[in-house]
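Throughout, residue positions are numbered sequentially from 1 according to the sequence presented.
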Amino acid sequence: MLAFILGIGMIALTVAIYIPATHLYRRLKWPILMPVLTATTVIVLILLISGIKLDTYMLGGKWIQELLGPAVVSLAFPLAKHLDVLKRNIIPILGGSIVGMSTGAAISLLLGYPQDIVTALLPKSITTPVAIQLADQVGGNSSFTSLFVMIAGFSGILLGPMILKWARVSSKNAYGIGLGSASHALGMARSFEYGENAVALSSVSMIVSAIAGSVMLPLWVWMIYG
């Protein structure tokens with residue numbers, strides 16, 4: 001009974017922080033104030049200051065985490081809805097998926113990182129539940145994968161639009177594809193700032209990245225490590 005009450009309390013804490021974080025971002029529109037980033041930071045600080053252990057927070061957090069599976073299945077709806085978008089942009093979308101998967105692994109190989117780190121990096125640009133499953137299947141450290149997925153998401157939404165602007169990319173469609181391919185759901189949330197087409201492309205890019213990653217990641221591991 002105590003575990004149930006604590007779980008409900010942790011969920012209530014998460015919601016109580018996330019809602020005002022969302023309102024703050026909508027009002028100021030600063031990338032650094034993306035709700036997922038600010039809410040995560042505030043929750044971590046609360047846990048550290050109050051001395052609440054992660055296991056205690058996960059009494060409620062695990063219920064939220066279990067919703068990731070149905071969320072992935074529901075991605076079939078936007079993919080079916082925007083099939084025409086996929087057909088028109090399949091080449092850049094697949095290109096973004098391949099680049100997103102290969103860059104981190106290539107750098108880690110050059111730096112001499114061990115195999116479990118390299119394999120944990122490979123799915124960094126794939127949505128979290130799929131990335132974790134893929135990392136487990138190929139012998140990667142799924143805890144590291146979760147961390148790398150978060151880093152890819154946060155760095156993408158903060159730096160991606162700045163880099164595209166610096167490169168003088170003006171197409172809103174390009175913003176959507178880039179954010180969806182590199183930063184999964186966080187990128188899709190950021191793409192709302194660039195219009196409906198950008199959101200559609202970001203959504204499709206995220207889904208295609210997950211599908212392509214499921215096919216390519218085991219092949220990459222086999223090619224690298226035999």
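- Nearest heavy atom pair, residue Asp116 against residue Thr119, reads O-OG1, 3.1 Å.
- The shortest non-hydrogen separation linking Gly176 to Ser191 is CA-CB, 4.4 Å.
- Distance CG/Leu59 to CE/Met10: 8.0 Å, rounded to 0.5 Å.
- With rounding to the nearest 0.5 angstrom, the CD atom of Gln133 is 12.0 Å from the CD1 atom of Ile126.
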Exercise for the section: Take Val204 and Asn89, measure what side-chain contact (heavy atoms from CB on, under 4.5 Å) needs, and give me the verdict at the end. Expected result: CA-CA 10 Å; Val204 171; Asn89 298 276; over 6 Å; no
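- Side-chain atoms of Phe144 and Leu121, non-hydrogen and from C-beta on, never get closer than 4.5 Å to each other.
- With Ser202 contributing its side chain and Val199 its backbone, the two residues share no donor-acceptor pair below 3.5 Å.
- A distance of 9.0 Å separates OG in Ser209 from CE in Met206, rounded to the nearest 0.5 Å.
- Linking Ile, Leu, Val, Met, Phe, Trp and Tyr residues whenever their side-chain heavy atoms come within less than 4.5 Å leaves Ile8 and Ile17 in two separate clusters.
- Contact detail for Leu179 and Arg190: the closest heavy-atom pair is CD1-CG, 4.1 Å.
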Practice task
Verify side-chain contact (heavy atoms from CB on, under 4.5 Å) between Tyr18 and Val36, making sure each step is shown before the conclusion.
Solution key: CA-CA 7 Å; Tyr18 189 82; Val36 175; 4.2 Å; yes
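- Side-chain contact between Leu186 and Met150 is absent, with no heavy atoms from C-beta onward closer than 4.5 Å.
- Side chain of Ser125 to main chain of Ser183: no donor-acceptor pair is present (N/O by atom type, distance under 3.5 Å, no hydrogens or angles).
- Side-chain N/O atoms of Thr14 and Tyr57 include a donor and acceptor closer than 3.5 Å.
- Residues Leu24 and Thr38 are not in side-chain contact: their nearest non-hydrogen atoms beyond the backbone lie 4.5 Å or more apart.
- Each of Leu159 and Trp166 belongs to its own hydrophobic cluster when Ile, Leu, Val, Met, Phe, Trp and Tyr are linked at side-chain heavy-atom distances under 4.5 angstrom.
- The shortest distance between side-chain heavy atoms of Pro161 and Tyr175 falls below 4.5 Å.
- The CG atom of Leu111 sits 12.0 Å away from the CD1 atom of Ile117 when rounded to the nearest 0.5 Å.
- With hydrophobic clusters built from ILVMFWY side chains whose heavy atoms lie under 4.5 angstrom apart, Met58 does not share a cluster with Ile11.
- Across all non-hydrogen atoms, the minimal contact from Ser108 to Val118 is OG-CG2, 3.5 Å.
- If you take NZ on Lys62 and CG on Asp55, they are separated by 10.0 Å, rounding to the nearest 0.5 Å.
- Counting non-hydrogen atoms of other residues, nucleotides and ligands closer than 6.0 Å to CZ of Phe154 gives a total above 12.
- A continuous path of hydrophobic side-chain contacts links Leu13 to Ile52 [ILVMFWY only; heavy atoms under 4.5 Å].
- The shortest heavy-atom contact between His184 and Val149 is NE2-O, 3.0 Å.
- Put simply, the side chain of Thr145 never gets that close to the backbone of Ile132: no donor and acceptor are under 3.5 Å apart.
- How far CZ of Arg88 is from CD1 of Ile93: 10.0 Å, rounded to the nearest 0.5 Å.
- Annotation for Val130 and Ser214: closest pair CG1-OG, 3.9 Å, computed over non-hydrogen atoms.
- Heavy-atom contacts from other residues, nucleotides or ligands closer than 6.0 Å to CH2 of Trp63 number more than 12.
- Linking Ile, Leu, Val, Met, Phe, Trp and Tyr residues whenever their side-chain heavy atoms come within less than 4.5 Å leaves Val42 and Ile19 in two separate clusters.
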